[in-house]
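Naming convention: chains lettered A, B, ... in sequence-line order (proteins, then strands); numbering from 1 in each chain.
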Amino acid sequence: MYVKQYLSKLINQSLNIHESEMVINNLVPPAQPEWGDVAFKTFQLASKLNLKPVELALSLEQKLNQNQEFKAKATGPYLNITFSTGFICNLVLDHVFNRPSPPPPPEPQPTVVIDFSSPNIAKPFGVGHLRSTVIGAALYRIFKYLGYKVIGINHLGDWGTNFGMILTGYEQEGENTTQLEQDGIKYSYQLYVRTHHKAEQDQEINNRAREWFNKLEQGDPKAIEIWKRFREFSIKKFKQTYQRLGIEFDHYTGESFYQHKTDEAIDFLQKKDLTEVDQGMLIVRLDQYDLPPLLLKKSDGSTLYATREIAAVLYRLDTFNPDLLLYVVGNPQELHFKQISAALDEAGIKIKEKLIHVKFGHILGMSTRKGTLVFLDDLIDEAVRRAKEKMQENKTISYSEREMDFISSKVGIGALVFNDLKTKRIKDIEFNWDRALSFEGESGPYLQYAHARIKSIIRKSSQIPRYQPDSVLDQLNQPEEKALALAISDFPMIIEQAAREYEPSVISRYLLDLASTFSKFYHSCQVVGSKPELLEARLCLIEGCRITLAKGLELLGIEPLNKM
RNA sequence: GCGUCUGUAGCUCAGCCGGAUAGAGCAUCGGAUUUCUAAUCCGAGGGUCGCAGGUUCGAAUCCUGCCAGACGCGCCA
């Protein structure tokens with residue numbers, strides 16, 4: 001960005017135009033590295049200025065070459081620009097060291113509410129929920145970094161007919177306090193499964209489950225008390241897992257929170273004359289939107305998922321007055337969110353631009369029934385175990401016991417988190433232990449390793465890297481050094497793109513590229529042991545890379561490591 | 001049946017608001033360690049960009065049709 005911004009400014013000035021966005025969008029890497037550092041595609045701008053691309057390129061070549069800092073060469077409709085390495089490094093590192101934060105967004109500070117993770121407290125936290133959790137948490141950090149006010153909400157699935165089943169099982173078996181307190185989720189899930197199994201042979205159990213859920217809805221003290229216990233211990237367990245992942249929420253307001261707000265929501269839609277009764281159900285027709293009707297009430301009068309969702313959106317608009325309302329929820333619910341958005345739009349609420357369904361592909365090859373479901377905690381444990389194994393194989397580095405525990409935990413989790421963030425959200429993922437826990441190639445540990453190596457170099461240099469204007473950066477003249485500076489330069493634009501597209505994978509791909517560029521540098525340019533000026537210059541460059549890498553990793557929720 | 005999404009190297013993917021010779025990782029094969037961590041780096045092979053039309057000076061990218069897969073479509077969430 002720094003380099004592109006600089007170039008764009010010059011191009012705009014030389015032509016006396018104000019098209020910096022278009023120009024920046026047309027600045028690309030040259031097809032061949034030896035052609036230059038940045039290439040300008042002139043097609044779009046030429047068309048805007050009513051010129052032929054080739055002519056524009058030639059004219060720009062002449063104008064820009066009055067500048068001392070670089071060479072410009074027109075090649076057909078392209079303009080290839082070559083900088084001196086020292087110049088690029090100064091441009092880029094000045095920003096990295098002296099202006100590490102992006103400029104704040106214009107006042108008033110925009111607010112974004114992010115609904116993510118949202119597990120069901122009676123069902124195991126499986127690998128499927130990891131995606132929403134990890135993507136949502138990344139978006140949370142990205143928007144915060146960009147200066148937004150961000151509110152993270154865990155919309156727990158803490159209400160529903162399945163609690164009838166759990167309460168029935170509880171009634172039959174009595175409480176296993178140890179299990180409940182240790183892992184409320186696993187306990188309620190197993191209770192659910194056992195009772196559900198019995199219910200398949202015994203209709204009486206189903207009836208009992210319905211009764212219990214009814215009691216719960218009526219506010220029966222006994223039912224509420226037991227439900228509260230299950231909820232409390234499930235959340236306690238969730239928080240432990242979230243802590244391992246370094247994730248926090250501002251609110252744990254689940255579906256039960258909206259239980260008594262649905263009447264108000266239904267009232268609101270009824271007053272707008274949008275509802276009608278069909279076969280005993282209360283519905284909102286959405287024919288104008290080419291969508292099937294939204295169901296608000298079952299024929300027995302009880303509310304549905306969508307009802308509570310409407311209530312939740314109204315509550316959030318009212319409470320947080322957000323500019324964006326993000327729902328990090330899987331693909332299958334696309335229709336659901338379209339309906340919610342349409343119904344509210346019909347009611348005159350301007351929500352279409354605000355309510356964004358940040359959808360993602362689901363995890364294939366995992367089923368609760370087949371028993372192929374993988375529990376997140378087990379997956380994390382396995383990731384950490386494999387990381388530890390890898391560390392024990394390492395013959396050149398020794399670790400204290402504390403280091404072993406800390407590093408293996410961060411590496412294992414880094415691999416796991418990165419695995420869910422490296423591809424575009426929309427893609428379905430076939431779960432595979434070895435792929436999810438890869439430590440090589442395009443992986444979290446690859447990025448952490450690059451960071452650790454930079455730290456290691458700095459440690460061995462016994463110097464503190466610093467940036468000074470007119471410094472020794474002119475010492476740098478290797479292509480690997482220039483490539484590294486150019487890679488660092490793209491960081492701000494990448495973050496903006498990730499936010500614009502609600503797509504953390506943009507950052508993942510970028511960091512892979514940055515780390516790979518560093519690794520190439522590492523293998524061809526020695527830092528420690530160079531003559532003093534070169535040492536200082538290279539330290540400054542790799543520290544710039546490290547700062548950028550660390551920031552990117554933090555945004556994704558991966559720990560940048562000093563040693564591994 | 002209708003709708004949404006996906007289809008690029010053996011596998012997993014990037015590139016998709018049109019532009020220079022379609023890029024990575026894994027896997028396979030061959031190399032690199034007396035110097036800052038080999039969880040790394042270098043090299044090789046590997047492609048009808050699902051198929052067929054269309055728009056354009058130019059299409060993996062835009063439009064249409066078809067094929068394949070995933071998901072969704074009134075009383076689960």
A:Ser118 side chain to A:Phe116 main-chain N or O, any donor-acceptor pair under 3.5 Å?
->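 Yes; at least one donor-acceptor contact below 3.5 Å.
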
Closest approach to the side chain of [X], judged atom by atom: which nucleotide of [options] is it?
X        : options             : answer
A:Leu295 : B:G74, B:A39, B:C11 : B:G74
A:Arg453 : B:C36, B:A38, B:A70 : B:A38
A:Met281 : B:C73, B:A70, B:C75 : B:C75
A:Val528 : B:C36, B:C71, B:U6  : B:C36
A:Leu304 : B:C76, B:U4, B:C36  : B:C76
A:Gln526 : B:A77, B:C36, B:A24 : B:C36
A:Pro30  : B:U40, B:A14, B:A20 : B:A20
A:Lys424 : B:A77, B:G15, B:A20 : B:G15
A:Gln32  : B:A77, B:C11, B:U21 : B:U21
A:Lys427 : B:A14, B:C76, B:U4  : B:A14

Spacing between [X] atom [atom1] and [N] atom [atom2], to the nearest angstrom:
X        : N     : atom1 : atom2 : answer
A:Lys455 : B:A39 : NZ    : C1'   : 19 Å
A:Leu296 : B:G74 : CG    : P     : 15 Å
A:Asn331 : B:A77 : CG    : P     : 21 Å
A:Lys422 : B:U12 : NZ    : C1'   : 7 Å
A:Lys338 : B:G74 : NZ    : P     : 15 Å
A:Ile166 : B:A77 : CD1   : P     : 14 Å
A:Tyr289 : B:C73 : OH    : P     : 21 Å
A:Tyr522 : B:U40 : OH    : C1'   : 8 Å

Return the orientation label for the A:Trp227 and A:Trp159 ring planes: parallel under 30°, perpendicular over 60°, tilted otherwise.
->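 Aromatic pair A:Trp227/A:Trp159 classed perpendicular.
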
[N] versus [M] - spacing of their [atom1] atoms, nearest Å:
N     : M     : atom1 : value
B:A22 : B:A60 : P     : 9 Å
B:A38 : B:U33 : P     : 12 Å
B:A32 : B:A20 : P     : 37 Å

Here RNA chain B, pairs taken as Watson-Crick or G-U under 3.5 Å and shown with ( ), [ ] when crossing and | when to another strand, reads (((((((..((((.....[...)))).(((((.......))))).....(((((..]....))))))))))))....

So A:Glu255 and A:Leu156, side-chain contact (heavy atoms from CB on, under 4.5 Å) or not? Walk me through it.
-> CA-CA 6 Å; A:Glu255 281 193 65; A:Leu156 290 172; over 6 Å; no

Does anything in residues 535-547 of chain A reach RNA chain B, meaning a heavy atom under 4.0 Å, and if so which residues?
->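 Nucleic-acid contacts, sorted: none.
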
Scan residues 502-521 of chain A against RNA chain B and write down, sorted by residue number, each residue with any heavy atom closer than 4.0 Å; if none is found, say none.
->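 Per residue number, the list reads A:Arg509, A:Ser519, A:Lys520.
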
Does CZ in A:Arg500 sit with more than 12 non-hydrogen atoms of other residues, nucleotides or ligands closer than 6.0 Å?
-> yes

May I have all residue pairs that pass side chain to side chain donor-acceptor pair (under 3.5 Å) and include part of residues 415-435 of chain A, sequence neighbours excluded?
->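 For residues 415-435 of chain A, and leaving out neighbouring residues, the side chain to side chain donor-acceptor pair (under 3.5 Å) pairs sorted by first residue read A:Arg386-A:Asp434.
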
Could you list all the side chain to side chain donor-acceptor pair (under 3.5 Å) pairs where at least one residue sits in residues 44-56 of chain A, not counting sequence neighbours?
->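 Found A:Asn26-A:Gln44.
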
Within 45° of the six-membered ring axis of A:Tyr315 and under 6.0 Å from that ring's centre, is NZ or CZ of A:Lys261 located there?
-> yes

Report yes or no: is the cationic atom of A:Lys520 (NZ for Lys, CZ for Arg) closer than 6.0 Å to the six-membered ring centre of A:Phe518, at no more than 45° off its axis?
-> no

Could I get the full list of ring-ring contact (aromatic ring centres under 6.0 Å, His included) partners for A:His155, not counting sequence neighbours?
->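 With neighbours one apart ignored, the set is A:Tyr258.
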
Would you kindly check whether a donor in the side chain of [X] faces an acceptor in the base of [N], or vice versa, at under 3.5 angstrom?
X        : N     : answer
A:Asn80  : B:A20 : yes
A:Asp278 : B:G74 : yes
A:Ser299 : B:C75 : yes

Closest heavy-atom contact between A:Ile542 and A:Phe521?
->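 Heavy-atom minimum between the residues: CG2-CE2, 3.4 Å.
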
